[in-house]
Amino acid sequence: MVDSCLSFVSIYGSFLRRSLSAAGLSSQTIDIDSDTTVHFWGPSVATSKPPLVLIHGFGPHGVWQWRPQISFFAREFDVYIPDLLFFGDSFTKCSDRSEVFQAASVAKLLEKLRISRYSVVGTSYGGFVAYRMAAMWPERVEKVVIASSGVNMRRSDNSELLKRAKMDSIEDFMLPSTAAQMRTLIGLAVFRRPYIPDFFLNDFINKLYRENRKEKLELLKGLTIGQDDTDQTLSPLPQEVLVVWGEHDQIFLMEKAIELHKLLGERAKLQVIKKTSHVPQLEQAGQFNNIVKDFLNGLS
């Protein structure tokens, strides 16, 4: 009866929208070109506050992954939370499925909004996008935060991840279609593993994972990052970079954070948050927020 009559995901989604409105953000959609439409939450009118772009990872679209950050950062920044293509209400007719195209689409959105200089924060897959934006447009991207994101991943890292998950397919892990698969994903993504009943997991899958499944599978296959096992030649970034990682991340292990910190250059810093896994911005939101805020304000 609960499964058929009550959607906790829908209820929480309504709460999120009210929270965004209370923070001064509104839901907006822009055609960035003739093929591509991007939905985002942001201020209706830009202010004198510095712009900050929060880029979500795979899974639920933007605001679900940044809920504790929205009202916190909206006090000092003009916060923009785009839905990446094929998440939420963003889509394209173009066949390109790479993270490079995602980066170009976010950059075009900001150009349409006449925002010429901004900082970016990306988590997981969103960190891939944030890295590409910073590398391609150093004159636009001021500071970069890469959270829980194996930008330096190798092909073999997926094989090791599947061993930890005890699964055969990276697609089934990243885009779960059953309660059991979703429970496995959550079990590796969070430090403390709560019991979640099947009806809630199925509601989560139906509301947030089933849409655009074909295109999301293509996004996984379209990644240009992590396609071989050669020595990493990741280019350092010219910007100040903050790498934030959960100490117990089971999706991108701690060793990836240490390596990435070295690869990104002399201006990169690494902050590790204890008692968190792959989503420190949700598990230890207060600590995450203060670390990122101090970095953006030049206090760390």
Side-chain angles (χ1 to χ4, degrees), residues 16-57 60-67 69-94 96 98-123 125-147 212 219 237-242 281 292-293 295-297:
L16 280 177
R17 289 188 290 273
R18 289 195 299 271
S19 299
L20 287 157
S21 297
L25 308 185
S26 63
S27 174
Q28 303 172 57
T29 302
I30 289 182
D31 294 330
I32 61 170
D33 57 35
S34 59
D35 292 325
T36 304
T37 298
V38 176
H39 171 265
F40 69 100
W41 284 84
S44 298
V45 179
T47 71
S48 59
K49 294 186 288 187
L52 178 65
V53 185
L54 304 180
I55 307 177
H56 66 84
H61 51 83
V63 296
W64 283 79
Q65 298 184 35
W66 294 117
R67 182 196 60 77
Q69 284 68 54
I70 293 165
S71 59
F72 180 87
F73 285 107
R75 300 169 197 156
E76 296 187 25
F77 298 87
D78 276 350
V79 176
Y80 296 86
I81 312 160
D83 289 342
L84 294 176
L85 299 174
F86 302 113
F87 295 87
D89 294 322
S90 296
F91 62 91
T92 185
K93 298 174 186 175
C94 181
D96 194 332
S98 69
E99 80 285 354
V100 176
F101 186 71
Q102 295 274 23
S105 297
V106 176
K108 280 186 179 180
L109 167 68
L110 296 166
E111 188 176 353
K112 283 278 188 180
L113 295 172
R114 298 183 180 180
I115 301 170
S116 59
R117 189 83 168 148
Y118 44 85
S119 294
V120 295
V121 183
T123 180
Y125 176 75
F128 299 175
V129 178
Y131 172 81
R132 293 300 191 196
M133 290 178 68
M136 291 191 290
W137 295 285
E139 74 283 0
R140 302 184 195 176
V141 178
E142 184 174 359
K143 291 188 177 184
V144 188
V145 180
I146 296 176
N212 299 326
L219 292 177
L237 292 175
Q239 299 95 337
E240 290 184 65
V241 183
L242 174 64
Q281 77 273 19
V292 173
K293 177 184 172 183
F295 169 72
L296 295 174
N297 288 334

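Heavy-atom basis, side chains included; hydrogens, waters and symmetry copies ignored. FYI, the numbering just counts along the sequence from 1. Note that the structure is a prediction, hence the values are computed from the model and not measured.
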Looking at [Y], is its backbone amide N or carbonyl O close enough to the side chain of [X] to form a donor-acceptor pair, meaning the two atoms are under 3.5 Å apart?
X: K49; Y: A74; result: yes
X: Q65; Y: T123; result: no
X: Q102; Y: L85; result: yes
X: Q239; Y: A134; result: yes

[X] vs [Y] side-chain heavy atoms within contact, under 4.5 Å:
X: V292; Y: F73; result: yes
X: M133; Y: I55; result: yes
X: D35; Y: T92; result: yes

**OP:** Look at the aromatic rings of F40 and Y80 and report parallel, tilted or perpendicular, splitting at 30° and 60°.
**Re:** tilted
Original post:
What heavy-atom pair brings W41 and S21 nearest, and what distance separates the two atoms?
Top reply: CZ3-OG, 4.4 Å
Subject >> Closest non-hydrogen atom pair, G88 against D83 >> reply: CA-OD2, 3.5 Å
Subject >> W66 and L16: CA distance, side-chain angles, deciding distance, side-chain contact (heavy atoms from CB on, under 4.5 Å) verdict >> reply: CA-CA 10 Å; W66 294 117; L16 280 177; over 6 Å; no
Original post:
Which residues pass the side chain to side chain donor-acceptor pair (under 3.5 Å) test with E99, sequence neighbours left out?
Top reply: R132, T224
**OP:** Quick one: list whatever passes side chain to side chain donor-acceptor pair (under 3.5 Å) with S27, sequence neighbours left out.
**Re:** H39
Please report, to 0.1 Å, the donor-acceptor pairs under 3.5 Å made by any side chain of residues 103-113, with sequence neighbours excluded.
from, atom 1, to, atom 2, distance (Å)
S105, OG, F101, O, 2.9
K108, NZ, D33, OD2, 3.1

